[in-house]
Amino acid sequence: QLKAKNYVDELTGLKNQASHIEYDMAQDKLPPEQRDHRALFDLDSFKFINDVFGHDVGNSVLKQVGAALKENIDNDSAFRVGGDEFAAANFDLEALRLQSEKIRDILNSKLKITVTLSSDKKVSDELTYPKGTKIVFDGLGVSVGYGKTAKEADDYLEKDKAKREAAGIRPFRGVEPSRVQATLPKQGVNGGSGSQEREGLPGGVEPGTGDSGTTEGSYKEDAGLKKP
């Protein structure tokens, strides 16, 4: 029971990195024709979310990503392998592609974050949000890679990241994501109401000090599915 607990990511409930490493090692021992196909997921704007909205909101987003994977991937084949990196496996490549694209579509269309900043937030030398700015982050982009091995999936993932960056879908670090709508406070940095109330977070994440915000996300089987 203790060993089983050590293979579970406490935040998302998915299998963790240690479990994924063991899975990879077991798969590598199989003949190529018997191996599962892999999918790797990398959240497009997670650093921006953590830096601007705070770690409570970031943790809530990760929990909702985990929920999307659990609803669409067999629980024994879904992993959180890093801070904002996830993995899934299926022997059937086409089924895995459909599952992965459904997850991407759900997160892109259903997840929404609304935050009112309680302090100035510097994203980069070129971008700073003043206190009191209301930020709406509408939809979470996800880069995805597939492969018969972990290396193949990782190579595909890097190509997908580059393609999405070139198309302006995946933002470069320090740049405001296109899905962000920011409303500046009327009185500027030194204005505003002077008090910020936390609206609460879903999924059992306890509010802390910092910015007020909510994340919304629903995962329904009838969510639209984009073609791979």
Between E152 and Y146, does the side-chain hydrogen bond (donor to acceptor under 3.5 Å, both in side chains) criterion hold? Intermediate values first, please. CA-CA 7 Å; E152 285 182 7; Y146 308 96; over 6 Å; no
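- Just one of N50, D51, D44 meets the side chain to side chain donor-acceptor pair (under 3.5 Å) condition when paired with K47; it is D51.
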Side chain to side chain contact (heavy atoms under 4.5 Å, CB included), that's the test. Do I106 and N72 meet it? Break it down for me. CA-CA 10 Å; I106 288 171; N72 291 280; 3.7 Å; yes
Begin with the C-alpha distance, continue with both residues' side-chain angles, and end with the deciding distance and a verdict on side-chain hydrogen bond (donor to acceptor under 3.5 Å, both in side chains) for Y129 and E176. CA-CA 10 Å; Y129 296 111; E176 182 180 77; 2.5 Å; yes
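- The residues D155 and K151 are annotated as salt-bridged, a charged nitrogen and a carboxylate oxygen being separated by less than 4.0 angstrom.
- Put simply, the side chain of V136 reaches to within 4.5 Å of the side chain of K112, judged on heavy atoms.
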So F41 and S143, side chain to side chain contact (heavy atoms under 4.5 Å, CB included) or not? Walk me through it. CA-CA 6 Å; F41 306 84; S143 298; over 6 Å; no
Got a list of side-chain donor-acceptor pairs under 3.5 Å for residues 30-37, not counting sequence neighbours?
from	atom 1	to	atom 2	distance (Å)
R35	NE	Q27	O	3.3
R35	NE	L30	O	2.9
R35	NH2	D28	O	3.2
R35	NH2	L30	O	3.2
D36	OD2	Y23	OH	2.9
H37	ND1	F91	O	3.1

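- Under 3.5 Å, the side chains of R38 and T149 contain no donor-acceptor pair of N or O atoms.
- Other residues, nucleotides and ligands place more than 12 heavy atoms under 6.0 Å from the CD atom of E158.
- Look at D42 and K161 and you find a salt bridge, because one of the NZ, NE, NH1 or NH2 atoms lies within 4.0 Å of a carboxylate O, short of that distance.
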Test R104 against D160 for salt bridge (charged side-chain N to carboxylate O under 4.0 Å, His left out), laying out the working first. CA-CA 13 Å; R104 174 145 66 180; D160 192 46; 3.1 Å; yes
With side chain to side chain contact (heavy atoms under 4.5 Å, CB included) as the criterion, how do F86 and L14 come out once you've worked through the C-alpha distance, each side chain's angles and the decisive distance to 0.1 Å? CA-CA 9 Å; F86 297 81; L14 300 175; 3.6 Å; yes
Can you check side-chain hydrogen bond (donor to acceptor under 3.5 Å, both in side chains) on R97 and N90, steps first, answer last? CA-CA 9 Å; R97 287 173 63 89; N90 193 320; over 6 Å; no
For V65 and L43, what are the C-alpha separation, side-chain angles and deciding distance, and is it a side chain to side chain contact (heavy atoms under 4.5 Å, CB included)? CA-CA 9 Å; V65 175; L43 308 186; 4.1 Å; yes
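- For the pair Q181/I135, no side-chain contact is recorded, criterion being any heavy-atom separation below 4.5 Å from C-beta on.
- Hydrophobic clustering, with ILVMFWY side chains joined whenever heavy atoms are under 4.5 angstrom apart, groups F46 together with L11.
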Go through it in stages, so that I can follow the logic: the residues are N16 and S19, the test is side-chain hydrogen bond (donor to acceptor under 3.5 Å, both in side chains), and I'd like the CA-CA distance, side-chain angles, deciding distance and then a yes or no. CA-CA 5 Å; N16 62 14; S19 179; 5.0 Å; no
